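Notes for the one structure printed next.
None of these values were measured; they are calculated from a predicted model. Letters A, B, ... mirror the listed sequences (proteins, then strands); counts begin at 1.
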There are 2 protein chains.
Amino acid sequence: MGDKYDRLKICNQLCFPLYACSKEIVKRYKPYLDPIDLTYTQYITMMVVWEEKEITVKALGDKLFLDSGTLTPVLKKLEQKGYVKRSRSKDDERNLIITLTKEGEDLREEALSIPGKMGKCVNISPEENKTLYELLYKVLGSFEEDED
Amino acid sequence: MGDKYDRLKICNQLCFPLYACSKEIVKRYKPYLDPIDLTYTQYITMMVVWEEKEITVKALGDKLFLDSGTLTPVLKKLEQKGYVKRSRSKDDERNLIITLTKEGEDLREEALSIPGKMGKCVNISPEENKTLYELLYKVLGSFEEDED
DNA sequence: CAAAATTAAATTGCGTACAATTCAATCATA
DNA sequence: TATGATTGAATTGTACGCAATTTAATTTTG
């Protein structure tokens, strides 16, 4: 009953629900991120800075799967808002070190309620959540393997 | 061993691997889409047009989870390349009808090999693929429910 | 040690995404 | 049936996201 074009149907793609789901979830962060004046990209960047306190743009990019073309303007914006400091490494002037400021530290408290609120917004069971999480990391992992 | 900030860790988010995975897969389409001069957004748009032959921008947006702000320039580009025609509906002048052209039809043949090539690039088993697919649509479905 | 290669950020240019607004067409209803 | 509400696209403005290039610092090697 299927013709040769079936595999080109949108409903037969894995990438499409991934793409759509990602966008829809990011969109749903907005109401929770607006009050603390962060975009989604700025939020995940702050998440890493909150954990590391100090990190290079390179390391940040590796963790977030983002390059300097994306990160440079994001980090300049975060510096402008006072949440991070940008300074060259003394060891190697090529490296830009991102440091968490006091204001950035304070913002962490305000962000603390966001994961819980978002969790409620994704209507799947804890087991399904875990399965989804693991499969996504499996795919991501398989990508990192075949990078020369 | 965990502190109150654990839930703000990037590794404890479901959204992050979703966001990263989506971007990485889209990036991996590029080598296959470049030869037929389509971007990923143009490709998924063409997928729907190939299936429907004729569809309004509204319906296209509902299927792709994209609004007119994104679709208008994409469709103008596809028209410019000769793959679709844009014309107002006679029934209701508010509706813009997207129609597949002969060139667009021909492009379908060239795109036929892409899903197979991409499939090989995602290193998970068919069962895992199915599970992932279903979970993603479950999340997407739960989003559509709570839209007023 | 000097030239060549590599590396990390920044820059440039293009194409999304999406919120918010505008505009024109159609619909609902008083 | 006039008019207020709704609808579908387009427009505007902001923020990514990434390929490709540039620049400066460091490392490799001849």
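Within the 4.5 Å cutoff, no side-chain heavy atoms of A/Thr72 are placed close to those of A/Leu96.
The CD atom of A/Glu93 sits 14 Å away from the C1' atom of D/dT23 (whole-angstrom rounding). Distance, A/Leu60 CG to C/dA9 C1': 13 Å, rounded to whole Å. The NZ-P distance, from A/Lys76 to D/dA15, rounds to 14 Å in whole Å. At whole-Å resolution of the value, NZ in A/Lys23 and P in C/dT16 are 12 Å apart. Straight-line distance from the CG atom of B/Asp37 to the P atom of C/dC14: 14 Å, rounded to whole Å. As rounded to whole Å, 13 Å separates atom P of C/dC18 from atom CG of B/Asp62. If you take CG of B/Leu96 and P of C/dA25, they are 14 Å apart, rounded to a whole angstrom. Rounded to a whole Å, the CD1 atom of A/Ile55 is 10 Å from the P atom of C/dA9.
A donor-acceptor distance shorter than 3.5 angstrom exists from the side chain of B/Arg88 to the backbone of B/Arg94, with no hydrogens or angles considered. Using modelled atom types, no side-chain atom of A/Ser22 and backbone atom of A/Leu18 make a donor-acceptor pair closer than 3.5 Å. With hydrogens and angles ignored, the 3.5 Å screen pairs no side-chain donor or acceptor of B/Asn129 with any backbone N or O of B/Leu132.
Between A/Val57 and B/Thr39, the residue whose closest nucleotide on DNA chain C is further toward the 5' end is A/Val57. Two residues, A/Arg94 and B/Arg94, neighbour DNA chain D, and the one matched to the more 5' nucleotide by heavy-atom proximity is B/Arg94. Along DNA chain C, the nucleotide nearest A/Leu75 and the nucleotide nearest B/Leu66 are compared for position; the residue whose nucleotide lies closer to the 5' end is A/Leu75.
Residue A/Lys27 has no polar side-chain atom (N or O) positioned under 4.0 Å from OP1 or OP2 of C/dA17. At C/dA10, one or more side-chain N or O atoms of A/Arg86 fall inside 4.0 Å of OP1 or OP2 (strictly under the cut-off). Under 4.0 angstrom from either OP1 or OP2 of D/dG17 there lies no side-chain N or O belonging to B/Tyr40. Residue A/Asn95 has no polar side-chain atom (N or O) positioned under 4.0 Å from OP1 or OP2 of D/dA25. Between B/Thr70 and C/dA17, a side-chain N or O to OP1/OP2 separation shorter than 4.0 Å is absent. Listed pair A/Arg88 / D/dT26 fails the phosphate criterion, with no side-chain N or O lying under 4.0 Å from OP1 or OP2. Put simply, A/Lys58 has no side-chain N or O that comes within less than 4.0 Å of OP1 or OP2 on C/dA9.
Nucleic acid contact class of B/Asp91 (heavy atoms, under 4.0 Å, all strands): sugar-phosphate only. Here A/Thr41 lies in heavy-atom contact (under 4.0 Å) with sugar-phosphate atoms only. Across all strands shown, A/Val74 has heavy atoms under 4.0 Å from sugar-phosphate atoms exclusively, and none from any base.
Only one option out of B/Leu136, B/Leu64, B/Ile44 pairs with A/Tyr19 in a side-chain contact (heavy atoms from CB on, under 4.5 Å); it is B/Ile44.
Set against C/dT11, D/dA24, D/dT7, the side chain of A/Thr72 has C/dT11 as its closest nucleotide.
Between A/Lys130 and A/Glu127 there is no salt bridge, since no side-chain nitrogen of the basic residue lies less than 4.0 Å from a carboxylate oxygen of the acidic one.
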